[in-house]
Amino acid sequence: MNENYSVPAVALVVVATVLVGAFGLRISRTTSDFYVASRTVGPRLNAAAISGEYLSAASFLGIAGLVLVQGPDMLWYPVGYTAGYLVLLLFVAAPLRRSGAYTLPDFAEARLGSQAVRRLAGAFVVGVGWLYLLPQLQGAGLTLAVLTDAPDWFGGVLVAVVVVATVAAGGMRSITFVQAFQYGLKLTALLVPAVFLVLAWQSHGAPRDAFDEPPTFREQRLVQVDSTLDLRLSRPLTVTATGTVDGRRYEDARVRLPQGAHHIESGTRLTFGRGDPVPAADRGSSSAMSTSLAAGREERPLYATYGLILATFLGTMGLPHVVVRFYTSPHGVAARRTTVAVLGLIGAFYLLPPVYGALGRMYAPELSLTGDADAAVLLLPDRMIGGAGADLLGALVAGGAFAAFLSTASGLTMAVAGVLTQDVLPSRGVRHFRLGTVLAMAVPLAASVLVGGLPVADAVGLAFAVSASSFCPLLVLGIWWRRLTPPGAAAGMLGGGGAALVAVGATMAGYPGTTGSLHALLAWPALWSVPLGFVTMVLVSLATATRVPAGTAAILARFHLPEELTDGQVRAAVSGTSGAAAGAKESEL
Amino acid sequence: MPQDPTERRVVVTGVPRRTLPHTRLRSRGRYPQTSGYYRPRTEIDEQTTLGHTYVRSLMRSQLRVALVVFAVLVLLVGPLPLVFAATPDGATLEWAVLGFCLYPPLVLLARWYVRRAERNEKDFVRLVEDR
């Protein structure tokens with residue numbers, strides 16, 4: 001890959017982000033308040049901003065990589081990310097805006113009037129935020145490692161430093177038009193190269209073997225195996241090998257591999273011939289990015305697919321950086337219309353990653369062996385077109401990828417830092433907010449350097465599972481059910497979300513192996529943890545019926561009544577929004 | 001009270017009265033904690049009950065629309081993994097459906113929901129303010 005164009009493109013995005021962050025400090029002070037500015041934000045601009053923040057590394061790189069390795073089952077990810085917004089619209093959007101809550105802990109406190117539930121919600125915001133930040137940093141590391149010879153950790157550190165600097169300085173997230181611009185940048189960075197790639201595909205005679213199972217090599221291809229792996233062959237295959245295969249050294253020799261598993265040492269180079277099927281690769285769960293939690297298509301149980309669907313459909317509403325954005329809509333009706341526009345925008349964006357995944361299966365199938373499948377989007381222009389044009393397209397993609405890391409990571413850092421500042425660190429104020437920012441980023445950065453292992457989209461899937469099992473019950477029952485009590489909410493979040501969190505932790509730590517039904521249960525917890533969360537919340541609430549908060553009826557009235565009936569009240573609530581929310585705004589701007 | 005109850009989308013149970021419900025609602029609905037913004041207006045239990053009945057009816061109609069759309073979504077998406085697993089040429093179908101075909105219905109469902117939800121609210125406002 002030529003780095004002459006890509007490195008300047010990445011540098012440009014980074015510098016622009018820093019500059020905007022610096023100016024953001026000034027702008028957000030002169031407009032006095034996030035909320036005041038939001039009064040002028042129309043649904044369309046706001047929707048572009050939400051989409052810009054939402055489309056993360058997982059969307060930009062991860063989906064194409066997963067589709068390349070595992071086939072079309074992985075297209076459930078983009079469908080789930082989009083449908084999650086529909087579910088959010090149905091049950092949460094307008095009431096959440098009318099609640100005046102700025103963050104999920106604010107919502108918990110406003111609805112239940114309990115500091116304990118507030119703290120618990122805050123803890124989950126931090127947990128989900130960290131889980132979601134991890135793949136952003138990993139994706140950044142991968143991108144830079146592919147583009148340049150930088151070590152794997154460098155990109156993650158770069159994103160971490162830039163994000164901490166901008167968020168601590170002024171918070172770029174509060175500037176709507178920047179996020180809207182990020183959406184445009186990301187869409188362009190995928191759309192323009194995709195057009196050229198599809199044209200190139202056409203000029204190659206529009207081969208249709210992307211949909212073959214398994215994919216095959218289109219031409220003779222030399223594959224360098226960077227980390228030790230096991231190949232599974234469904235039929236015998238002859239390759240040219242230099243290195244160690246099944247414990248034997250070869251030096252540029254033809255090797256006939258019988259059907260079954262073969263152990264390839266790292267550093268081995270294999271040459272596959274034209275038309276050879278791409279073998280499936282098994283890897284230890286802790287080594288490389290692109291091994292998914294669920295193995296190949298035939299072994300991927302329906303259970304995992306349904307777990308993924310449930311997690312993404314219900315988890316979107318609990319993502320910390322998604323909820324905050326609803327506060328920028330002027331009223332509940334606008335919040336609804338904004339959500340519809342977001343659906344359209346991210347739906348349009350998600351038409352593109354499958355294109356890259358399909359082309360990647362044809363033109364770069366060996367990525368599933370080298371463990372860099374997430375880099376497919378970055379490598380395809382070079383692979384399919386070549387020359388200076390490909391370098392320019394590659395630079396565009398690289399810039400877009402960095403925009404994705406930076407915008408999502410800063411939104412998440414902001415949300416996590418806000419919670420840490422308000423509910424964990426001893427006193428509020430700008431200095432503590434800056435300390436909170438550093439803390440918010442330090443933990444996932446350390447984890448990404450130490451743990452490494454998870455593929456980008458899978459790690460995001462785990463964050464969705466935790467969010468779906470903790471915040472989805474809290475929001476849905478909090479908005480629609482009068483008999484929710486603080487103990488019920490706490491028990492439900494702990495029961496559902498806590499169980500999902502433990503399952504996620506066990507999976508990340510490599511327990512219990514990578515096969516078996518117990519592994520599947522822990523790797524895709526949503527199918528049991530979401531019902532667990534709901535049932536626990538309902539049952540404990542019913543058991544503690546005497547502790548329904550006194551003002552529940554009035555609060556629910558405010559959630560659901562149109563603003564024209566509650567106008568004066570809304571204004572009052574805005575200037576006073578549960579004290580803590582106002583404090584959040586002040587400390588953040 | 002409307003002359004023709006069938007015109008109303010919102011079912012109201014409870015004795016209608018001349019007092020304006022929305023002024024009751026207005027004076028309420030703050031957090032009990034933020035007493036600084038609390039209007040010191042005594043609330044008569046009777047009127048509170050009426051206000052709650054209105055809110056309940058609005059909530060019920062909104063929840064009904066949401067559940068209908070959600071049910072359509074579940075029926076649309078729920079069987080798909082089984083269909084893909086059962087069809088012999090499932091992979092190609094999966095590419096087509098998940099790659100392209102599922103997004104337009106999602107947007108259409110969202111738009112339909114928003115129209116219904118806004119109509120519910122408009123009807124509710126008319127109902128409350130007509131008198």
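Since this is a predicted model, take the numbers as computed values, not measurements. Convention: sequence-line order gives letters A, B, ...; per-chain numbering from 1.
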Contact origin within A:Y350 toward chain B - heavy atom pairs under 4.5 Å: both
Which one, A:L343, A:L86, A:V67, leads in non-hydrogen pairs under 4.5 Å with chain B? A:L86
Region of B:V97 in contact with chain A, defined by heavy-atom distances below 4.5 Å: neither
State which residues pass side-chain hydrogen bond (donor to acceptor under 3.5 Å, both in side chains) with B:Y113; sequence neighbours excluded, sorted by chain then number. none
Name the member of B:L106, B:V65, B:L67, B:L80 that forms the most heavy-atom pairs with chain A at distances under 4.5 Å. B:L106
If you count heavy atoms of other groups shown closer than 6.0 angstrom to CZ of A:R482, is the number above 12? yes
Taking the inter-plane angle between the rings of B:F84 and A:W76 on a 0 to 90° scale, is it parallel (under 30°), tilted (30 to 60°) or perpendicular (over 60°)? tilted
Below 30° counts as parallel, above 60° as perpendicular, anything between as tilted: where do the rings of B:F70 and A:F91 land? perpendicular
Could you label the plane-to-plane angle of the A:Y81 and A:Y54 rings as parallel, tilted or perpendicular, counting under 30° as parallel and over 60° as perpendicular? perpendicular
Here the pair of heavy atoms bringing A:T82 nearest to A:I346 is CA-CD1, 4.0 Å
Where on A:L89 is there a heavy atom nearer than 4.5 Å to chain B: the side chain, the backbone, both, or neither? both
Portion of A:P78 that has a non-hydrogen atom of chain B nearer than 4.5 angstrom: both
A:V79 versus chain B, the contacting section by heavy-atom distance below 4.5 Å: both
Per-residue contact mode, B:L63 against chain A (heavy atom under 4.5 angstrom): both
